[in-house]
Amino acid sequence: MDSFIWDVNNPNTPEVTLTPPSPLCCLEYNPKDPHLLVGGSYNGLVTCYDTRVGYTPKDVSIIEKSHRDPVHKIAWLAGKTPFECVSTSTDGQVLWWDVRKLAEPIESLWVEEKTEEKQRIGGTALEYTGAGGKFMIGSEQGKIAACSRKGKTPADKIGTIYEGHCGPVYGLQRNPFYPKYFLSVGDWTVRLWNEELRAPIMTSKFFSNYVLDCAWSPTRPGVFCTTKMDGTLDRSEEHTSE
């Protein structure tokens, strides 16, 4: 049930033990307030922690207003206040929250395919660093949905849907220097995309182990790292041009 906060200078004992109502699947520090954390739980709840007042949740969402599946990814939003965050789950919902009042989300969106069946896209990865309310959802079906919070209707909020991977998308990140390029990882491959094209502009070889995460270098535009299920970390360098 517990989650831990560590001091890297003391790897033997956790500095803080957080006790959520349900095991956490994701946990993020607030980039503007080092005492605030928000977590997403296995039972769909969203919890907020303030380490100044204790290590149990300061506030917990109500189960009837929360996700119906595990919360796989949660992210703080850049804005005027440091209190808004967004979560996604394999139930197909994206929920926006104000951690000062977690009784119910401030906004919600069902992510659905633009077909007659309107199959819901269950989120396993979230990329929310784009300007203007743009974000991307990686799904357990392998699809990647480009969305915008500013659409007037739910259908308007869902843009291009990319046929990404053969299995769940585990990692998704835009290039911090050239945001129209983004990385995705899933199945046994890493893929590099240009958001204006429906197919990847680069696909890695098929590795013998699942690829589980990816991260761009914050200082070098063409460098990224990936991790695999066998515990290895790979560094790659690509040359992209505007």
Side-chain angles (χ1 to χ4, degrees), residues 1-91 93-109 123-138 147-150 170-174 176 179 213-216 218:
M1 289 286 289
D2 293 341
S3 292
F4 302 125
I5 297 173
W6 299 83
D7 182 337
V8 293
N9 296 315
N10 180 16
N12 298 318
T13 308
E15 192 85 354
V16 172
T17 300
L18 301 177
T19 54
S22 171
L24 293 177
C25 299
C26 53
L27 183 66
E28 293 288 341
Y29 267 110
N30 187 305
K32 294 181 180 178
D33 187 336
H35 303 287
L36 282 182
L37 300 100
V38 68
S41 289
Y42 189 77
N43 67 352
L45 296 180
V46 170
T47 52
C48 178
Y49 304 84
D50 187 333
T51 55
R52 290 167 292 199
V53 298
Y55 305 130
T56 56
K58 182 183 178 184
D59 200 2
V60 182
S61 62
I62 298 171
I63 196 137
E64 292 84 1
K65 303 284 187 178
S66 302
H67 291 284
R68 302 168 191 180
D69 272 3
V71 182
H72 285 281
K73 198 71 177 174
I74 200 160
W76 291 98
L77 302 186
K80 294 178 182 178
T81 72
F83 301 113
E84 283 196 18
C85 61
V86 61
S87 59
T88 189
S89 163
T90 43
D91 66 357
Q93 287 189 97
V94 176
L95 300 178
W96 285 265
W97 306 88
D98 185 324
V99 296
R100 294 170 294 185
K101 43 182 187 296
L102 283 177
E104 60 180 316
I106 55 178
E107 196 176 325
S108 63
L109 173 67
T124 51
L126 171 67
E127 204 293 326
Y128 211 107
T129 55
K134 291 170 63 177
F135 63 97
M136 305 184 86
I137 297 294
C147 308
S148 173
R149 189 181 181 183
K150 293 188 175 182
Y170 291 116
L172 199 57
Q173 192 178 43
R174 284 188 185 274
D213 210 352
C214 61
W216 287 102

Notebook entry, point to check: Can you name the one residue among Ser61, Cys25, Ser66, Cys26 that meets side chain to side chain contact (heavy atoms under 4.5 Å, CB included) with Val71?
Noted result: Cys26
With no hydrogens and no angle check, is any side-chain donor or acceptor of [X] less than 3.5 Å from a backbone partner on [Y]?
X	Y	value
Asp33	Pro82	no
Ser89	Pro70	yes
Ser22	Asn43	yes
Trp76	Pro31	no
Trp216	Gln173	yes

Margin query: Counting C-beta onward and ignoring hydrogens, is there a side-chain heavy-atom pair between Val94 and Val86 closer than 4.5 Å?
Written below: yes
Check: Hey, are the side chains of Pro218 and Pro176 touching, using non-hydrogen atoms and a 4.5 Å cut-off?
Finding: no
Margin query: One pair to check against side chain to side chain contact (heavy atoms under 4.5 Å, CB included): Asn30 and Phe83. What are the steps and the verdict?
Written below: CA-CA 8 Å; Asn30 187 305; Phe83 301 113; 5.6 Å; no
Note to self: Would you say CZ of Arg100 has more than 12 non-hydrogen atoms from neighbouring residues, nucleotides or ligands within 6.0 angstrom?
What the structure shows: yes
Nearest heavy atoms of [X] and [Y], plus distance in Å:
X	Y	result
Leu102	Asp59	N-OD2, 3.2 Å
Arg149	Phe135	N-CE2, 3.8 Å
Leu27	Leu18	CD2-CD1, 3.7 Å
Asp213	Gly171	OD1-CA, 3.9 Å
Gly123	Thr88	CA-OG1, 3.6 Å
Tyr49	Pro20	OH-CB, 3.1 Å

Notebook entry, point to check: Where do Val46 and Leu95 land on the side chain to side chain contact (heavy atoms under 4.5 Å, CB included) test, with the steps shown first?
Noted result: CA-CA 10 Å; Val46 170; Leu95 300 178; over 6 Å; no
Next item on the list: Step by step, work out the side chain to side chain contact (heavy atoms under 4.5 Å, CB included) result for Leu172 and Lys73.
Entry: CA-CA 11 Å; Leu172 199 57; Lys73 198 71 177 174; over 6 Å; no
Notebook entry, point to check: Does Gln93 have any side-chain hydrogen bond (donor to acceptor under 3.5 Å, both in side chains) partners at least two apart in sequence or in another chain, and if so, which?
Noted result: Asp91
Next item on the list: Can you sort out the partners of Trp6 under side-chain hydrogen bond (donor to acceptor under 3.5 Å, both in side chains), two or more places apart, ordered by chain and number?
Entry: none
Notebook entry, point to check: Can you list the steps and then say if Ile5 with Tyr55 is a side chain to side chain contact (heavy atoms under 4.5 Å, CB included)?
Noted result: CA-CA 10 Å; Ile5 297 173; Tyr55 305 130; over 6 Å; no
Next item on the list: Can you measure from OG1 (Thr90) to CZ (Arg68) and round to the nearest 0.5 angstrom?
Entry: 12.0 Å
